[in-house]
Amino acid sequence: MKSFHLVGRTVNLSWTAPQLMGIVNVTPDSFSDGGRDIAASVAHAQDLIAAGAHWLDIGGESTRPGAAAVDATTELARVLPVVQAVRAIWSGPISVDTRKASVAQAVLAAGANIINDVSAGQDPHMLAVCAAHGAPMILMHMQGEPQTMQNQPQYQDVVTEVANFLQQAAQRALAAGVPSVMIDPGIGFGKTLAHNLALIRELPQLVALGYPVLFGASRKRLIDQIAQVPNPQNRDAGSLAVHLAAVQGGVAALRVHNVDMHAQALQVWKTLWEK
Ligand code: HH2
C-alpha cells in the first residue's frame with residue numbers, strides 16, 4: 001500500500017486501485033471535447049461524479065499541440081463559475097488545470113483544492129500562491145510550449161530527462177511550501193510516439209522517485225499513431241489499454257475523459273489481482 005496526502009486527508013492507494021480524475025474542459029477548442037459552455041460543463045461534471053470520478057480536473061485553456069494561449073481574464077471567466085457551481089454540490093477534490101498564478105489564486109479562493117500545472121510552476125508566483133492556500137500541485141513535464149511543442153521534440157534519453165526534470169520541480173515546489181505534489185510525465189507534450197512509448201514502458205522509474213504519479217493518455221494522438229483512429233472521440237478503447245499498462249507501472253491516478261469505462265475496467269482489474 002502507498003499513501004499520499006491529498007486535500008487534507010490521507011488517501012490510501014494500492015497499485016491496483018488508482019484514483020480516477022475526470023476531465024472537465026470548459027474550452028471552445030479542446031482536442032476531443034471542446035465546445036461545452038458553463039451549464040454544459042457543470043452537467044458534464046455531475047455525470048463524471050455519478051460515473052465514479054474520485055476527483056475532477058477543470059480546465060479553461062486547451063494545451064493540445066498547436067493551441068494558442070488564452071489570457072487570464074478569459075480563462076478565469078470559463079473556469080470560475082464551473083468551480084463555484086461544482087463546489088456547491090460536491091465535496092470531493094477539484095483540481096484546476098492552469099499555468100497562471102492569478103487563475104490559481106481565484107479558483108483556490110472559490111473552493112478548488114489542487115492546481116494541475118502543465119508547466120510545473122513556470123509562473124513566478126505559482127508556487128507561492130499554492131503554498132499560501134495549502135494546495136497540493138500536479139507538476140507535469142512539457143518540452144516547449146503547446147503552440148510549437150510537437151514540431152521536433154528531441155531528447156538524448158527521454159526517461160532520464162523527464163525524471164530529472166520532475167524530481168527538480170517537485171523539490172522546488174516543496175521547498176517553496178507547497179504541501180504535497182504529484183508528478184506527471186506529460187504524454188504528448190513535446191514527445192514523439194517513441195518518446196511516449198519509452199515513458200509508458202519505464203513508468204516504474206518515475207514511480208521510484210517517490211512521488212505519486214498522475215498519468216494521462218486519454219484520447220491522445222498516440223492512439224491514432226498506433227491504431228489509426230483519427231477521431232479523438234473514438235479513442236477510448238486504446239486509452240484504456242495504455243491506462244491499464246500505466247496502472248501496472250504503478251501510477252497513483254489516471255486523468256480520463258471516459259470515467260464510466262475506466263471505473264468498470266479498474267473494478268475488474270482490481271478484482272483479478274486481489275487475493
Ligand atoms: N493533458 C492535457 C491537459 N492537461 N494535465 C496533466 N497533468 N496531464 C496531462 O496529460 C494533461 C493535462 C490535454 O488533454 P485535454 O485536457 O483533454 O485537452 P486540451 O488540452 O485540448 O483541453
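Counting starts at 1 for both ligands and their atoms, in listed order.
Close contacts between ligand 1 and Leu214 involve ligand atoms 7 (N) [criterion: under 4.0 Å to a heavy atom]. Close approach of ligand 1 to Arg64 (heavy-atom distance below 4.0 Å) involves ligand atoms 20 (O), 21 (O). Those atoms of ligand 1 that come under 4.0 Å of a heavy atom in Ser30, given as number and element, are 19 (P), 21 (O), 22 (O). Ligand 1 places these atoms under 4.0 Å from at least one heavy atom of Phe31: 14 (O), 15 (P), 17 (O), 18 (O), 21 (O). Close approach to Asn116 involves these atoms of ligand 1, each under 4.0 Å from a residue heavy atom: 5 (N), 6 (C), 7 (N).
Linking ILVMFWY residues whenever their side-chain heavy atoms come closer than 4.5 Å, directly or via other members, places Val181 and Val207 in the same cluster.
Ligand 1 has no nitrogen or oxygen under 3.5 angstrom from a nitrogen or oxygen of Val118. Some N or O of Lys220 is nearer than 3.5 Å to an N or O of ligand 1, by distance alone. Between Asp29 and ligand 1, not a single N/O pair is under 3.5 Å apart. Between Asp33 and ligand 1, no N or O atom pair is found at a separation short of 3.5 Å.
Among Gln122, Glu61, Glu75, the single residue meeting the side chain to side chain donor-acceptor pair (under 3.5 Å) criterion with Arg99 is Glu61.
For atom 20 (O) of ligand 1, the nearest non-hydrogen atom of the protein is Thr63 N, 2.8 Å. The nearest protein atom to atom 6 (C) of ligand 1, hydrogens excluded, is given as Asp184 OD2, 3.2 Å; this is a heavy-atom distance. In terms of protein heavy atoms, atom 4 (N) of ligand 1 is closest to Asp97 OD2, 2.8 Å. Ranking the protein heavy atoms by distance from atom 21 (O) of ligand 1 puts Ser62 OG, 2.7 Å first. The single protein non-hydrogen atom nearest to atom 16 (O) of ligand 1 is Arg255 NH2, 2.8 Å, given as residue, atom name and distance.
In this structure a side-chain-to-backbone donor-acceptor pair under 3.5 Å is present from Arg87 to Gly111. At least one donor-acceptor pair under 3.5 Å links the side chain of Asp224 to the backbone N or O of Val229.
When side chains are defined from C-beta on, Val86 counts as touching Ile94, because their heavy atoms get closer than 4.5 Å. Side-chain contact check for Val129 versus Asp123: every heavy-atom pair is 4.5 Å or farther apart. Contact check for Leu203 versus Pro185: side-chain heavy atoms found under the 4.5 Å cut-off. No side-chain heavy atom of Ser62 sits less than 4.5 Å from a side-chain heavy atom of Asn25. The side-chain heavy atoms of Ile200 and Leu222, taken from C-beta on, include a pair separated by under 4.5 Å. Looking only at side-chain heavy atoms (C-beta outward), Val70 and Arg78 come within less than 4.5 Å of each other.
Within the 4.0 Å heavy-atom shell around ligand 1 one finds Phe189. Contact between Thr27 and ligand 1 is absent, with no heavy atom of the residue lying under 4.0 Å from the ligand.
Considering each of His257, Met182, His141, Arg219, the one bringing a non-hydrogen atom nearest atom 17 (O) of ligand 1 is His257.
In the displayed structure, Arg36 atom CZ is contacted under 6.0 Å by more than 12 heavy atoms of other residues, nucleotides or ligands.
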